[in-house]
Amino acid sequence: MDKTFDASAAESRIYAAWEAEGCFSAGAGAEEGAESFCIVIPPPNVTGSLHMGHALNNTLQDILIRWHRMRGFDTLWQPGQDHAGIATQMVVERQLAESGNIRRTDMAREDFVAKVWEWKEQSGDTIINQLKRLGASCDWARNRFTMDEGLSRAVLKVFVDLYHEGLIYRGKRLVNWDPRFETAISDLEVESTEVDGYMWHFKYPLAGGETYEYVEKDEEGQVTLRETRDYISIATTRPETMLGDGAVAVHPSDARYAPIVGKLCEIPVGPKAHRRLIPIITDEYPDPDFGSGAVKITGAHDFNDYAVAKRGGIPCYRLMDTKAAMRDDGAPYAEEAAKAQAIIEGAALSEAEIDAINLVPDEYRGLDRMECREKVVLDITAEGLAVMTTAGDPRLGRKLKEDDDPDAPASLVEKKIIVQPFGDRSKVVIEPMLTDQWFVDAATLAKPALKAVQDGTTTFAPLNWEKTYFNWLENIEPWCISRQLWWGHQIPVWYGPAIPDKSTRLDAFMAIMEMPEGREVQAFCAPSFAEARAQAEEYYRERLSIWGFQFTVGAQETPEIGCDLIAEHSQLNISLARDPDVLDTWFSSALWPFSTLGWPDETEELKRYYKTDVLVTGFDIIFFWVARMMMTGLHFMKDAEGKREVPFHTVYVHALVRDAKGKKMSKSLGNVIDPLDLIDKYGADAVRFTLTSMAAMGRDIKLDINRVQGYRNFGTKLWNAARFAELNGCKPDPDFDPAAVKHIVNKWIVGETARVAKTVDAALAAYRFNDAAGALYAHIWGVLCDWYLELSKPLVQRDHGPANAETQATTAWAIDQCLVLLHPIMPFVTEELWGQIAKRETRLALAPWPDLPESLADPTADEEMGWVVALIDGIRSIRTEMNVPAGAQIEMVMTGHTPPVAMRLLRHAPQIQRLARLSECAVAEHAPAGSVTLALGDCAINLPLAGVIDVGIEAARLGKAVAKLGKEIGGLEGKLRNEKFLANAPEEVVAEQRDRLQTAAAEQAKLQAALDRLSEIR
RNA sequence: GGGUGCGUAGCUCAGUUGGUAGAGCACAGUGUUCACAUCGCUGGGGUCAUAGGUUCGAAUCCUGUCGCACCCACCA
């Protein structure tokens, strides 16, 4: 055997062997009918590469999987990747830009999607290979991709079913719009960040120059301000949205504005001749104590305003295009403003008609929203309608610096920390945008998902994450699932022209049919075009037959909805157009636990492995993923009795790996530790063990590279223990029976092994990964290597007759058990040793997990070996304290012992002599003169060091020890005299204290006697 | 504003029904050929953030305070 384990050379070889031999296949090594255990991997993005979070997440999963597999479960770790809509589209677009300068928008959609697939085929398995380097024992033959054929079928079915149940619907809503990717995103994809910003205060003049008495009062009702005003003052951080104001709102209880509620005021932007008038309304939303108490209502560009507008019937005017630039379409501003004014005056317009109105004055059209903001502010200010404030800087759109002139004059803008929404991928400011989108009725789906956790069908570990889960689900909003992207599952909805029903008069019908613009559309939702077409034919047949029309529905999808009316033949030629949008990536991820097992087909795997067992994940995707899997799982999956079934019984939530400041590791911050670098340097086992031992930490993991090195050394330690065993002829004996060992050292290590096995099992069952790692570390290094191998050396190395063979077999067994127990955490080094130590029937990965009865622990052996260890420890300490040269052999004489203890000493004398460097190990009636004394329970251990030791120093040492024991004794006596303690404390605690007192008293007596003898010498 | 978690040895952190504070690393001293210097042996180092309370007994339970972090919502 080599001196150390060469991880870099061995890992790929071992992994290849595992795969080649099918060790990771579903059910590998399990007997027919074995209980199943299944984990679905949180699918990494195809664009991804392994980071520390993945390393932790997958190490923990692999531990659970390997542990169950070895215990004989029918085990499946289902792997796969996520198509990651925005992220992947971004990567490919960037690549296109770098290579050919072709923009996505210059390409046909199919061509672009083909490019993405090409890219996926090339680099999509990067992450898989990295997971293999970590040692992940996924069943790679079953690898799935959210865009593959089967999963796409699952997505279509779920969409279509939910649509027909009314749980998916389309509507015009205010959504979070990402101007960089030009798509809607969900609430969860928005990150709120505090940034330096400004707030402006503007005057909205009252219509017709009207005035009112504006009165401010303090808390006691004293008038603090009274003036005549011809305006209402509003505050805004977004002046550019003033162009789309539909009203000004005040609180119904606000007395200051009561005189003008219901009147009109003027938006002070745009050409004066065509300024719009908007009503002053009341709503509960404005806070009278904030700003002026009056809020401009811009329904199309603010979520709160949208709610007010809905309540108050205020129109919402969209001001921006998909890039969040000011709209540059429609008629000249004067005409558009007139249309809006007509609405205020009572004209009824359809939603589509209102949406078509462009209220951006001609001079602002096409400007970026930020440019427009600056221009609006300058224009209003020039007009004298900006309200003076005392703080801030009049410069616009530029960040205020600390060194700005403090004596700058009172300004027209207020510096303010504002919270701005940013796209989590694009990092640009999100714009609330009024658009048509698809939504999932999440509130309905959330109910069973809530209940399943409330009643314990699914539990979180640690438990407190349930609160987070509940809190979100209880306040859940509709989930916006449509994305204006090209990469993803295209929405299975086809549109055709809507046909008025039979109550419509023929002339009206003809008029509608001949006017393609503004016509309503009819949606047909089906898993395929053919089925949608069949639905459409049914619809048109029913509606058109009344009129005697013939019709055809085109055999192909078209980019545009078509409806050619050939009147003379009473013939309609209809073509259906597919909804161009794709679904949120998380929509397909939400189906992961059953889609990967073959659903909607009723596969064998689905039956065997659903529901799955544990979901291992970071808390950052509880909302994105866990909650949604619960919703879809409970909606679509049923157990044998037809009861709705959760996707997993346990959600294990682990910490996130963060940087020193508590931020997530990210490339842009440059604070990333690459797990692959660590694997290269220290081996996968060391990285895995490190992460495992940190798994119990709180929410932040700050990775200490020194620990990785330390655990690499741990692997080496184990390696060398095995090497020692090999050098000393310790071969695993297939007939070895741990219960039958005779020698006390062997009984002891057998018991210790059984104990650590039990600890590991209990720890893993409770997801206390760090406890498992810690117990194994302490056992292998601190018990097996430090003590058992040392104490048993004489028995394996010299001829001791039967004890010799027994000890060799025990050593081999004890090491084998360690390999098995450690394998889930450190698979590579253990597998390598397993193979090197002996020829085996199976790989360690499929070796049976030990089931060691508690009866293997022998209290007598424990007590005796504990005594030996304490004795050696004590002597070693004294030697160092007394500066005895490390190589010097000294004598030891035990006094005050009972006969059994003397026997015990003699039994272990050779080992004690070797490990404590003693020339002699004797028992006597009296301590030799000039001894250093150590108290060990009832007896005294005397080291005659006359001549070597300084009597004064030894007296001081003993004095200190006696005093220390005295203090302890005092405390214990006090406690045992306390009647309340005796009355209230449990019996075993009291007994323990008595015991401790007795021991301490005995030790103190021994040391005191030694001290007395020393003073006699002096 | 609502919620969650954290503050224990120089550093990174364990400490599961309350019963005399632990690990790794770092540090200091030392080295006995015979598994291992990726090692052995020994040692120093903590009033468990803070103030109270409950208890015979609190790092552990309760309350307040201070500090740090994260999540959700958000006042224009």
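Throughout, a chain's letter reflects where its sequence line sits, starting with A, and its residues are numbered from 1.
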> Whole Å only: how far is the CD atom of A:E474 from the P atom of B:A73?
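These atoms are roughly 15 Å apart.
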
> Need one value for A:E790: base, sugar-phosphate or nothing, where a base atom within 4.0 Å counts as base even if backbone is also close, heavy atoms only.
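Here A:E790 touches the bases of the nucleic acid.
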
> Heavy atom of residues 708-719 of chain A under 4.0 Å from RNA chain B: which residues?
A:R712, A:N713, A:T716, A:K717

> Would the number of heavy atoms belonging to other residues, nucleotides or ligands and lying under 6.0 Å from CD of A:E973 be above 12?
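Yes, the 6.0 Å shell around CD holds more than 12 heavy atoms from other groups.
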
> Rounded to whole Å, please give me the gap between CG in A:D995 and P in B:G19.
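After rounding, the reported distance stands at 18 Å.
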
> Is A:S192 touching bases, backbone alone, or none of the nucleic acid, heavy atoms closer than 4.0 Å?
base

> Output the rounded distance in Å from CG (A:D305) to P (B:C74).
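Those two atoms, CG and P, are 13 Å apart.
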
> When the C1' atoms of B:G3 and B:C74 are compared, how many Å lie between them, rounded to an integer?
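Taking atom C1' in both B:C74 and B:G3, they lie 14 Å apart.
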
> Please tell me if A:K3 has a side-chain N or O lying less than 4.0 Å from either OP1 or OP2 of B:C39.
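For A:K3, the contact criterion (side-chain N or O under 4.0 Å from OP1 or OP2 of B:C39) is not met.
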
> When you compare B:G18 with B:U60, how far apart are their C1' atoms, in angstrom units rounded to a whole number?
6 Å

> Write down the distance between CD1 (A:I280) and P (B:A76), rounded to a whole number of angstrom.
21 Å

> What contact category does A:D873 fall into here, base, sugar-phosphate, or nothing, at under 4.0 angstrom with non-hydrogen atoms?
sugar-phosphate

> Compute the centroid of each ring, for A:F5 and then for A:F828, and state whether the two points are separated by less than 6.0 Å.
no

> Under the side chain to side chain donor-acceptor pair (under 3.5 Å) test, which residues partner A:R917, sequence neighbours left out?
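Not a single residue meets the side chain to side chain donor-acceptor pair (under 3.5 Å) criterion with A:R917.
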
> Pick the C1' atom in B:G10 and in B:C27, then give their distance to the nearest Å.
8 Å

> Can you check the A:I622 CD1 to B:U4 P distance for me, whole Å?
14 Å

> Quick one: is A:R879 getting a side-chain N or O under 4.0 Å of the B:U42 phosphate, OP1 or OP2?
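Answer is no, no contact under 4.0 Å.
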
> For the P atoms, the ones on B:G40 and on B:G24, what distance do you get once it is rounded to whole angstrom?
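The answer is 10 Å between these two P atoms.
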
> Whole Å only: how far is the CG atom of A:D289 from the C1' atom of B:A76?
14 Å

> Who pairs with A:E240 by salt bridge (Lys or Arg N to Asp or Glu O under 4.0 Å), at least two apart in sequence or on another chain?
A:R238, A:R373

> Evaluate the criterion side-chain hydrogen bond (donor to acceptor under 3.5 Å, both in side chains) for residue pair A:S186 and A:E189; output intermediate values, then yes/no.
CA-CA 5 Å; A:S186 75; A:E189 291 160 279; 2.9 Å; yes

> On the nucleotide B:A35, are OP1 or OP2 found under 4.0 Å from the side-chain N or O atoms that A:W781 carries?
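No, because none of the side-chain N or O atoms of A:W781 sits under 4.0 Å from OP1 or OP2 of B:A35.
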
> Using the P atom as the reference point in each nucleotide, state the distance between B:C6 and B:U47 in Å, no decimals.
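It works out to 22 Å between them.
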
> Where is the tightest heavy-atom contact between A:F624 and A:L188, given as atom of each residue plus distance?
CZ-O, 3.2 Å

> For A:E968, answer base if it contacts any base atom (sugar-phosphate contacts may also be present), sugar-phosphate if it contacts only those atoms, and nothing otherwise; contact means non-hydrogen atoms under 4.0 Å.
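Counting heavy atoms under 4.0 Å across all strands, the contact made by A:E968 includes a base.
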
> Can you confirm whether the side chains of A:S693 and A:N770 place a donor and an acceptor under 3.5 Å from each other?
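Per modelled atom types, A:S693 and A:N770 side chains form no pair under 3.5 Å.
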
> Can you find a pair of side-chain heavy atoms, one from A:E790 and one from A:Q911, that are under 4.5 Å apart?
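A:E790 vs A:Q911: side chains apart.
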
> Just to be sure I understand the rule, does A:G683 reach a base, reach only the sugar-phosphate, or reach nothing, if contact means heavy atoms closer than 4.0 Å?
nothing

> Within this structure, what is the CZ-CH2 distance for the pair A:F623 and A:W472, rounded to the nearest 0.5 Å?
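If I round to the nearest 0.5 Å, the distance is 7.0 Å.
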
> Is A:N984 close enough to B:C56 that one of its side-chain N or O atoms is under 4.0 Å from OP1 or OP2 there?
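Answer yes for this pair, as a side-chain N or O of A:N984 is under 4.0 Å from OP1 or OP2.
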
> Which atom pairs link the protein and nucleotides 30-33 of chain B when you take only N or O atoms and keep those under 3.5 Å?
unit_1, atom_1, unit_2, atom_2, d
B:U32, O2, A:R917, NE, 3.0
B:U32, O2, A:R917, NH1, 3.3

> Counting a pair only when it is Watson-Crick or G-U and both distances are under 3.5 Å, which runs of at least 3 such pairs involve RNA chain B?
B:1-7 with B:66-72, B:10-13 with B:22-25, B:27-31 with B:39-43, B:49-53 with B:61-65

> Could you list the donor-acceptor pairs under 3.5 angstrom formed by side chains in residues 715-725 of chain A, with sequence neighbours left out?
unit_1, atom_1, unit_2, atom_2, d
A:T716, OG1, A:R712, O, 3.2
A:W719, NE1, A:D2, O, 2.8
A:N720, OD1, A:R723, NH1, 3.1
A:N720, ND2, A:K3, O, 3.3
A:N720, ND2, A:T716, O, 3.0

> Side chains of A:H779 and A:V760: does their closest heavy-atom pair fall under 4.5 Å?
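With C-beta onward as the side chain, the pair stays apart.
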
> Rounded to whole angstrom, note down the C1' distance from B:A23 over to B:G67.
27 Å

> Report yes if a side-chain nitrogen or oxygen of A:S693 is closer than 4.0 Å to either non-bridging phosphate oxygen (OP1 or OP2) of B:A23; otherwise report no.
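For A:S693, the contact criterion (side-chain N or O under 4.0 Å from OP1 or OP2 of B:A23) is not met.
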
> For the pair made of CG in A:N978 and P in B:G57, what is the distance, rounded to whole Å?
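So the two atoms are 8 Å apart, to the nearest Å.
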
> Atom CG of A:L656 to atom P of B:C71: distance rounded to whole Å?
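Between P of B:C71 and CG of A:L656: 9 Å.
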
> Are any of the side-chain heavy atoms of A:R879 and A:I875 separated by less than 4.5 Å?
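Side-chain contact under 4.5 Å: yes.
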
> OP1 or OP2 of B:G2 sitting under 4.0 Å from any side-chain N/O of A:K467?
no

> Check A:E992 with A:R996, please: is the shortest side-chain N to carboxylate O separation under 4.0 Å?
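Salt bridge present between A:R996 and A:E992.
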
> Which part of the nucleic acid, if any, lies within reach of A:R768 when heavy atoms closer than 4.0 Å are counted: base, sugar-phosphate only, or nothing?
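Base, at least one base atom sits under 4.0 Å.
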
> Assign A:D302 to base, sugar-phosphate, or nothing according to its heavy-atom contacts below 4.0 angstrom with the strands shown.
nothing

